[in-house]
Amino acid sequence: MAIERISNICLGDMLLIFEQETDFNRIGFYMIPAEMESKNKSGEKFYRINSLAQLKLAGDIYPNCYANGQTMRNCETANLFEYDSQTTEKEGTVTYIRTVMKDKRGYELVNVITYYEGEDSFEMKNIFINKSKEGVTLEMLSSFEMGNMTPFEPGMAPDTLLVHRLRSKWSHEGRLVTETVEDLQLEPSWSNWTVGVERFGQRGSMPVMKYFPFAAIEDTKNHVLWGVQLAHEASWQMEIYRQDDGLHLSGGLADREFGHWMKTIGSGESFETPKAILSVCCGDIDLLCHRLVSAGEKYVNGGPEDEQSLPIIFNEYCTTWGCPSHENISGIVEAIKDKGFDYFVIDCGWFKEDGVPWDISMGDYNVSQTLFPDGLGKTVELIKSAGMRPGIWFEIDNVGRAAKAYENTDHLLKRDGHVLTTYNRRFWNMKDAWVKEYLHDKVIGTLRQYGFGYMKMDYNDTIGIGCDGSDSLGEGLRQNMEASVEFVRQVKEEIPDIVLENCASGGHKLEPLMMSICSMASFSDAHETEEIPIIAANLHRAILPRQSQIWAVIRQSDSLKRIGYSIANTFLGRMCLSGDVTELSDEQWDVIDRGIAFYREIAPIIKKGITKRIGPKITSDRHPRGYQVVRRTGDNGETLVVIHCFHGELPEEIRVDLSGCGTKIISTYSHDQKAEIEVREGGLYYRPTENMCAAAVHLA
C-alpha cells in the first residue's frame with residue numbers, strides 16, 4: 001500500500017509528520033528529531049496508518065485480529081473518520097495545529113496540538129463533536145496517538161526497541177522499568193495480521209498508582225526516544241500496539257473495558273479529552289524526561305513570588321505525629337526560629353478531640369479546643385513573629401469515619417446507590433453545590449480567618465473504578481475529580497499568593513495537571529527510610545525537582561553521619577525538615593546548619609537544570625546496595641553532584657564525568673567535612689570511606 005505525506009511541521013527541534021494511505025482517507029502521525037530527517041527509512045517498512053484519534057462509539061464494530069477485549073484501537077469508529085483539513089496558526093509565542101477528521105454519519109474530531117515557543121515538548125488533545133441529530137455514546141477517546149516507531153530501521157527492527165515505564169506504589173514512587181518489545185510480545189506475527197497490545201494504567205482517584213501516566217519508547221541503535229505524559233486526575237490508560245513493522249503508542253482516559261468509562265454526547269454537544277505532553281529527542285531516558293517535565297516551568301514560574309527562591313519548609317508531622325498543639329508548636333518554633341526556615345506547616349490532627357486518631361476524624365474541621373484552647377490565631381501569630389509563613393493541612397475531598405460529616409450521606413459519593421465506603425473513609429461529592437459551599441467555609445474560610453499562606457492538600461484513599469451520577473462509573477469519577485481540581489483553582493483565585501502543596505499519601509498525585517496548579521508536592525511518604533535518595537532521584541524523571549518536597553527527619557538518636565545523609569537527600573529537590581528539633585545537640589545542629597547554607601547556595605541549580613543519574617542499578621529500594629550519583633547541571637554550567645553510598649562493597653573511587661559541567665569546586669557538603677573529593681582528568685572523584693553516607697559538591 002502506498003503512503004503519502006500530508007504535511008511536515010517543525011516545532012522547535014521536533015519534526016511532526018502527518019500522512020495517509022492512498023487507499024484510505026485516514027490520517028496518521030509520527031514524529032522524529034528534525035536533525036534525523038535524512039535517516040528516515042519509512043519507505044523500507046511495512047506499516048499501516050493508524051488514525052490520529054483512537055475512539056470507539058457504542059454499537060460500532062469492535063476491532064478484529066483477535067484484538068477484541070484487549071483493545072478498542074482500530075475499531076470501526078476510528079477507521080470511519082476521514083481526514084478533512086489541517087491549519088497551523090501562531091498567536092504570539094504559541095503555535096496551534098488543528099487537524100479535522102469527519103465521519104459521514106455527522107461526527108467530527110478535532111486534534112489540537114499546542115506548542116509554546118522555546119519548549120522541548122508540545123501538548124495534544126482531541127475534541128469530539130456530535131453534529132448528527134441523535135445522541136451517541138463514546139466508549140473510548142484517546143488524547144494522543146503516535147506511530148511508526150522506529151522509522152530509522154528497516155522492517156520490524158528486532159532487538160532495537162525498548163519500552164520505559166515508571167512504576168509506583170506507596171513509598172516506592174517512580175521506579176524506572178525497562179523492557180524490550182520482544183519481552184512484551186510486541187513483535188508482529190508472520191502474517192502481519194494479529195495484534196499485539198500492552199494496555200496499562202490505573203483506575204481511581206490516585207493517578208500515580210501502579211504506574212505514573214508516562215511511557216517512552218527508545219530506539220537503541222539510533223539513540224532516539226519518544227515519550228509522553230498524561231495530565232489527568234482520574235483513571236487513565238496507555239496502549240503500546242503493534243500489528244506490523246510500525247510500533248504505536250496511544251492513551252488518555254481509561255476506556256470502557258479498562259476504566260468503566262462511557263460518555264453520551266448529545267446532538268450539538270462536544271467532549272474534550274485531557275491533554276497529553278509529547279516529545280522526541282536524540283539522547284537518553286534522562287534527557288527525554290527532562291524535556292517532558294520542563295513543560296511545567298511556565299506554570300511554576302507564574303506562581304507565588306516567594307516560591308521563586310525555593311524556600312525551606314519545616315513540617316511538624318514527624319515531630320508530633322498527628323498531635324500538634326499550641327504548646328508543642330511553641331517549643332518547636334523556639335528551637336528553629338533563627339535557623340533559616342521560611343514555611344512552618346501545621347500538619348494533620350489540629351482538629352481532633354478526645355484522643356480520636358486524626359486519620360479517621362477529618363471532615364468536620366473544627367479547631368481542637370483541647371490542643372488549641374485559644375483557637376489557631378495565637379499559634380499562627382507565633383509562627384509569623386518568628387519570620388515564617390504559616391501553613392495548614394487539609395484532606396479536602398475525604399471524610400473520616402469518626403467525623404460527623406461521615407453521616408452526611410446525601411452529599412457523599414455513591415456507587416450502585418450505596419455510599420461509597422472504604423474502611424476509614426468516604427468521599428465528598430465534589431459536584432454537589434452544598435459540598436462546594438461547605439468546603440468554601442471550612443477550607444477557604446479557615447485559610448482567610450487565620451491568614452495562612454500555605455496549604456498542604458492530602459488525599460489518603462482512592463475512589464476506585466468510579467461512582468454514580470453520570471453515564472458510567474468512570475465518567476462519574478472523571479467529573480468528580482474535575483470538580484475537585486476546580487475547587488483547588490478556586491482557592492488560588494480567592495487567595496492569590498497561597499503556596500499549595502500537592503500530597504496524596506505522599507506521591508500518588510504527581511501528574512502534570514495537579515503539578516501545574518501547585519507550587520510543590522510531597523515526593524513520597526518515605527519519611528525516615530534509607531531509600532529516600534533513590535525515590536527522590538527517580539522523581540527527577542516525573543516532576544520538576546524544584547517542586548519535589550523531600551523529607552529530612554532528624555532524630556535525637558541520629559549519628560552525625562545519618563544526619564548528613566538525610567540532609568543531602570533534600571538537595572535532590574525542596575528541603576523539608578521535621579523531627580526532634582527541640583532535643584538536638586549543638587554538634588547535630590551544626591551538620592543541619594551547614595546543610596541549610598549549602599542548599600541556599602545550590603537552589604538555583606535545583607530550580608533550573610538538567611539531571612543525569614549515574615551509578616549501578618539499585619535492585620532493592622528497602623535494602624539498597626552500591627551507590628547513586630545525581631549530577632544536575634544548570635544553564636550556566638554550574639553543577640550540583642549528590643553522591644549517596646549504600647550498603648555492600650563500594651568502589652575505591654567513584655568517578656563522575658564532568659563533560660559540559662563546571663570543573664571548579666566551589667563548596668562541598670558532608671557530615672564530617674573531610675570527604676575526599678577532587679577534580680582531575682575531566683571528572684569528579686569521590687573516595688567513599690563508609691557505607692550509608694553522603695556527600696554533595698557545587699562546581700562552577
Side-chain angles (χ1 to χ4, degrees), residues 170 202-209 233-235 317 322 345-353 356-368 392-415 418-432 434-447 455-469 473 476-491 500-511 513-514 517-518 521-522 525:
W170 185 74
Q202 78 82 36
R203 291 165 285 260
S205 50
M206 287 181 164
V208 180
M209 176 88 80
E233 267 293 273
S235 301
Y317 178 66
V345 181
I346 302 171
D347 210 282
C348 55
W350 53 269
F351 44 83
K352 69 189 189 74
E353 295 279 8
V356 180
W358 70 266
D359 60 344
I360 61 171
S361 57
M362 83 292 296
D364 296 335
Y365 292 124
N366 300 312
V367 179
S368 170
I392 193 167
W393 178 99
F394 279 98
E395 189 167 346
I396 296 170
D397 301 60
N398 303 342
V399 179
R401 60 182 169 83
K404 292 179 181 178
Y406 190 80
E407 303 303 327
N408 204 339
T409 56
D410 288 346
H411 304 292
L412 296 169
L413 291 181
K414 296 179 176 63
R415 185 186 298 160
H418 304 288
V419 178
L420 207 166
T421 307
T422 63
Y423 269 94
N424 285 328
R425 284 170 172 77
R426 288 173 172 172
F427 306 87
W428 288 122
N429 179 352
M430 298 299 287
K431 298 188 298 179
D432 186 308
W434 184 92
V435 171
K436 293 178 183 179
E437 185 176 347
Y438 177 85
L439 291 176
H440 187 278
D441 175 57
K442 291 292 185 178
V443 179
I444 298 176
T446 299
L447 295 172
M455 178 169 64
K456 176 177 178 177
M457 303 177 294
D458 215 336
Y459 193 94
N460 288 303
D461 214 333
T462 174
I463 292 169
I465 61 174
C467 54
D468 297 342
L473 293 177
L477 171 69
R478 187 197 68 80
Q479 290 183 8
N480 186 77
M481 300 316 295
E482 184 176 65
S484 177
V485 171
E486 284 306 309
F487 181 79
V488 178
R489 290 195 172 111
Q490 184 181 2
V491 172
L500 296 179
E501 178 189 337
N502 168 28
C503 182
S505 289
H508 285 314
K509 284 195 176 188
L510 301 180
E511 54 78 35
L513 176 59
M514 275 299 288
I517 59 177
C518 294
S522 300
D525 261 354

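These numbers were taken from a predicted model, which means no experiment stands behind them.
When all heavy atoms of Glu486 and Arg489 are compared, the pair lying nearest together is OE2-NH1, 2.7 Å. The two residues Ile444 and Val491 have their closest heavy-atom pair at CG1-CG2, 3.8 Å. Of all heavy-atom pairs between Asn502 and Cys518, the closest is CB-SG, 3.6 Å. When all heavy atoms of Val356 and Ser361 are compared, the closest pair comes out as CG1-CB, 4.0 Å. Taking every heavy atom of both residues into account, Pro357 and Lys352 meet most closely at C-CD, 4.3 Å. The two residues Gln479 and Gly469 have their closest heavy-atom pair at OE1-O, 4.5 Å.
The ring pair (Phe, Tyr, Trp, His ring centres under 6.0 Å) test applied to Tyr317 returns Trp321, His527, not counting sequence neighbours. Ser522 meets the side chain to side chain contact (heavy atoms under 4.5 Å, CB included) test with Lys456, Glu501, Cys503; sequence neighbours excluded. Shown here are the salt bridge (charged side-chain N to carboxylate O under 4.0 Å, His left out) partners of Asp397, two or more places apart in sequence or in another chain: there are none. Scanning for side chain to side chain contact (heavy atoms under 4.5 Å, CB included) contacts around Val488 gives Met457, Leu500, Ile517, with sequence neighbours left out. Under the salt bridge (charged side-chain N to carboxylate O under 4.0 Å, His left out) criterion, Lys509 pairs with Glu233, not counting sequence neighbours. Contacts of Tyr438 classified as ring pair (Phe, Tyr, Trp, His ring centres under 6.0 Å), with partners at least two apart in sequence or in another chain: Trp428, Trp434. Residues satisfying the side chain to side chain contact (heavy atoms under 4.5 Å, CB included) criterion with Val419, sequence neighbours excluded, are Thr409, Leu412, Lys414, Thr421, Arg426. Residues passing the side chain to side chain contact (heavy atoms under 4.5 Å, CB included) test with Asn460, sequence neighbours excluded: Trp358, Trp393, Glu395, Arg425, Asp458, Ser505. Remark: Glu482 pairs with Arg478 by the salt bridge (charged side-chain N to carboxylate O under 4.0 Å, His left out) rule, at least two apart or across chains. For Glu407, the salt bridge (charged side-chain N to carboxylate O under 4.0 Å, His left out) criterion is met by no residue, not counting sequence neighbours. Residues satisfying the ring pair (Phe, Tyr, Trp, His ring centres under 6.0 Å) criterion with Phe394, sequence neighbours excluded, are Trp350, Tyr365.
In this structure, Leu413 and Asp468 have side chains that are not in contact, with every pair of non-hydrogen atoms separated by 4.5 Å or more. In this structure, Ile463 and Leu420 have side chains that are in contact, with non-hydrogen atoms separated by less than 4.5 Å.
Side-chain atoms of Asp525 never come within 3.5 Å of backbone atoms of Gly507 as a donor-acceptor pair (strictly under, hydrogens ignored). A distance-only check finds no donor-acceptor pair linking the side chain of Ser205 to the backbone of Ala234 [under 3.5 Å]. With Asp364 contributing its side chain and Lys404 its backbone, the two residues share a donor-acceptor pair below 3.5 Å.
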Step-by-step side chain to side chain contact (heavy atoms under 4.5 Å, CB included) determination, Phe487 to Val443: CA-CA 10 Å; Phe487 181 79; Val443 179; 4.0 Å; yes

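In this structure, Glu353 CD and Ser368 OG are separated by 3.5 Å, a value rounded to the nearest 0.5 Å. The line from CD1 of Ile465 to CG of Leu477 is 9.5 Å long, rounded to the nearest 0.5 Å. Taking OG1 of Thr462 as the reference point, atom NE2 of His508 lies at 9.0 Å (rounded to 0.5 Å). Atom CD1 in Ile396 sits 12.5 Å away from atom CE in Met362 (nearest 0.5 Å). In this structure, OG in Ser484 is found 4.5 Å from CE in Met430, a value given to the nearest 0.5 Å. With rounding to the nearest 0.5 angstrom, the CG atom of Asp359 is 12.0 Å from the CG atom of Asn398.
Applying the salt bridge (charged side-chain N to carboxylate O under 4.0 Å, His left out) test to every pair with at least one member in residues 434-446, sequence neighbours left out, gives no pairs at all.
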